[in-house]
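Here's the structure we're looking at; comments come further down.
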Amino acid sequence: MVPLGVLLTPIIAKKTLSLDDLKGRSFAVDGFNVLHQFLALIRARDGTPLMDSEGRVTSHLVGLAFRTTRLVSDYGMKLVIVFDGRPPELKQREVEKRREAKRKAEEEYREAVSRGDYAKAYSKAVMTGRLTREGLDDTKRLLTLLGIPWVQAPGEGEAQAAYMASRGDVWAANSRDYDSLLFGTPRLLRYLTISGEEWLPSKGRARRLEPELIELEGFLSELGITREQLIDLSILVGTDFNEGIKGIGPKTALKLMRRHGSIEELPEETLAKVPDTYQVIRDIYLDPEITEIYDVETRELDEEGLVGFLCGERSFSPRRVETLVKRMRAASSQRSLTDYIGGGRNA
DNA sequence: ACCCTGTA
DNA sequence: TACAGGGTT
């Protein structure tokens with residue numbers, strides 16, 4: 001898989017915690033991030049995604065429905081799913097690179113299937129996952145029927161999520177990627193999953209995953225840099241909008257920022273390798289395209305509509321959809337109880 | 001990735 | 001109650 005987002009892992013100050021620690025919290029979820037994860041991994045043994053009777057892919061609906069309803073019912077979380085809009089022009093090259101990688105993976109997948117090598121086929125298939133327009137429309141329809149709010153961002157979803165978190169409309173942004181920190185989210189939560197493990201198809205094994213909380217202010221003060229310097233640092237390492245400088249990883253970039261303060265003040269020979277688009281990239285992170293018109297309130301479950309959609313149109317089994325309905329009803333009654341007692345309010 | 005059943 | 005392994009569409 002082509003790596004997404006900024007690579008900050010080696011210098012990140014994270015705090016691992018459990019789902020129980022996050023009870024009652026609200027999150028702006030990076031929708032494309034989770035949908036791609038579901039599309040990649042929810043597959044039959046041979047790598048075929050789940051599909052309805054008409055051949056429409058449903059893996060992302062299965063994943064999103066069962067995960068979100070569980071986080072909402074068992075942990076009292078409030079989720080708002082945020083979807084990417086139009087990417088900034090500078091991202092185009094990155095988008096094309098990913099498209100190319102997918103085409104290559106599709107070829108290797110077909111070849112592995114024809115050889116009967118299903119382990120290899122699966123590991124290739126997970127790299128072919130595509131979110132289509134119909135897949136996105138289905139996702140929004142599902143969320144609306146469940147009563148879970150969603151926001152269509154005008155630009156980058158991570159920018160929108162960061163804005164919502166910095167306004168206090170949600171407690172944290174949730175994504176695997178670090179970009180929302182650059183966009184200014186006060187808190188980033190990684191790995192908001194139920195199973196606590198992630199399957200690594202290329203390695204054929206699972207890895208333990210715990211929710212990770214990164215608090216921007218603490219993270220920056222620990223590094224001794226400002227958000228502006230974190231952005232400059234990321235430009236040196238590489239972002240969704242530029243390639244990054246060969247030989248400069250997060251640790252070297254951090255040293256450079258501490259010593260010189262900003263891209264402009266870098267030594268001549270380093271400065272020469274910085275992309276001339278760096279000011280545009282800074283601006284994408286510091287002043288992104290967002291909308292202020294959104295609603296994070298939970299709506300009522302449309303049970304009849306949900307059954308009609310998932311069972312009638314997308315080949316879900318009634319028993320499993322009943323599970324979803326029960327969870328949302330449980331969550332709703334828990335909410336009215338805490339409202340009645342007068343507790344449980346938080347951003 | 002999550003659900004569910006069988007097993008100890 | 002914890003885990004393994006097959007099923008989900």
Side-chain angles (χ1 to χ4, degrees), chain A residues 1 4 18-20 22 27 29-77 79 81 109 113 118-119 121-132 134-139 141-143 145-146 148 174-177 189-212 306-331:
Chain A
M1 179 119 46
L4 310 175
S18 70
L19 284 181
D20 284 322
L22 297 165
F27 298 94
V29 180
D30 180 353
F32 275 33
N33 199 272
V34 295
L35 291 180
H36 281 117
Q37 210 68 24
F38 292 139
L39 282 167
L41 288 163
I42 303 183
R43 288 164 184 271
R45 307 277 153 202
D46 65 353
T48 324
L50 305 187
M51 286 180 285
D52 68 10
S53 57
E54 317 260 298
R56 286 177 292 232
V57 173
T58 52
S59 296
H60 57 304
L61 300 180
V62 174
L64 193 67
F66 283 98
R67 178 189 285 176
T68 52
T69 54
R70 208 128 109 101
L71 293 174
V72 164
S73 69
D74 291 11
Y75 300 95
M77 291 180 188
L79 305 176
I81 318 301
Y109 164 70
V113 170
Y118 288 117
Y122 185 94
S123 78
K124 291 298 169 187
V126 297
M127 296 161 76
T128 67
R130 272 208 173 91
L131 182 62
T132 62
E134 296 72 46
L136 180 57
D137 289 345
D138 274 8
T139 304
R141 192 171 161 201
L142 169 69
L143 290 170
L145 292 168
L146 285 170
I148 294 173
N174 164 232
S175 175
R176 285 177 76 94
D177 297 342
L189 190 89
R190 306 179 74 215
Y191 308 128
L192 191 56
T193 71
I194 302 299
S195 63
E197 282 191 345
E198 93 168 323
W199 181 249
L200 305 166
S202 55
K203 299 186 179 170
R205 60 171 179 83
R207 156 174 92 111
R208 255 212 90 53
L209 276 191
E210 287 171 304
E212 288 178 12
L306 187 73
V307 172
F309 177 44
L310 292 183
C311 301
E313 298 180 43
R314 294 297 180 273
S315 310
F316 278 54
S317 82
R319 193 172 65 101
R320 277 167 58 89
V321 175
E322 186 54 36
T323 304
L324 301 176
V325 168
K326 278 185 186 147
R327 287 180 185 176
M328 292 313 284
R329 279 208 288 249

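In what follows, chains carry the letters A, B, and so on, assigned in the order in which the sequence lines appear, proteins first and then strands, with residues in each chain numbered from 1. Note that the structure is predicted; figures quoted are calculated from it, not measured.
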Atom [atom1] of [X] to atom [atom2] of [N]: distance rounded to whole Å?
X	N	atom1	atom2	answer
Leu50(A)	dG6(C)	CG	P	17 Å
Glu322(A)	dT8(C)	CD	C1'	17 Å
Glu197(A)	dA2(C)	CD	C1'	13 Å
Trp199(A)	dG6(C)	CH2	P	12 Å
Phe316(A)	dG7(C)	CZ	P	18 Å
Arg319(A)	dT8(C)	CZ	P	10 Å
Tyr122(A)	dG6(C)	OH	C1'	13 Å
Glu54(A)	dT9(C)	CD	C1'	13 Å

Give one of base, sugar-phosphate or nothing for [X], where a contact means two heavy atoms less than 4.0 Å apart.
X	result
Ile42(A)	base
Arg327(A)	sugar-phosphate
Thr48(A)	nothing
Arg314(A)	sugar-phosphate
Ser53(A)	nothing
Thr323(A)	sugar-phosphate

Exercise. Stepwise, does the side-chain contact (heavy atoms from CB on, under 4.5 Å) test hold for Asp137(A) with Thr132(A)?
Worked result: CA-CA 9 Å; Asp137(A) 289 345; Thr132(A) 62; over 6 Å; no
Exercise. Would you say the side-chain atoms of Arg43(A) pair up with the backbone N or O of Thr48(A), donor to acceptor, closer than 3.5 Å?
Worked result: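 No: the side chain of Arg43(A) does not pair with the backbone of Thr48(A).
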Exercise. Can you check whether Ser123(A)'s main-chain N or O pairs, donor with acceptor, with Ser202(A)'s side chain at less than 3.5 Å?
Worked result: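 A pair under 3.5 Å: no.
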Exercise. Does Arg320(A) make a side-chain N or O approach to OP1 or OP2 of dT9(C) shorter than 4.0 Å?
Worked result: yes
Exercise. Any side-chain donor-acceptor pair under 3.5 Å between Ser18(A) and Asp20(A)?
Worked result: no
Exercise. Quick one: CG on Asp30(A) to CZ on Arg176(A), what's the gap to the nearest 0.5 Å?
Worked result: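 Between Asp30(A) CG and Arg176(A) CZ, I get 11.0 Å after rounding to 0.5 Å.
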For this session: Shoot me the first and last contacting nucleotide of DNA chain B against chain A, ordered 5' to 3', at under 4.0 angstrom to non-hydrogen atoms.
Result: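 From 5' to 3', the first and last contacting nucleotides are dA1(B) to dT5(B).
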Side chains of residues 316-326 of chain A: which donor-acceptor pairs under 3.5 Å do they make with residues two or more places apart or in other chains?
unit_1	atom_1	unit_2	atom_2	d
Ser317(A)	OG	Arg320(A)	N	3.3
Thr323(A)	OG1	Arg319(A)	O	3.3

Exercise. Only one of Lys203(A), Arg207(A), Arg205(A) clears salt bridge (Lys or Arg N to Asp or Glu O under 4.0 Å) with Glu198(A); which?
Worked result: Arg207(A)
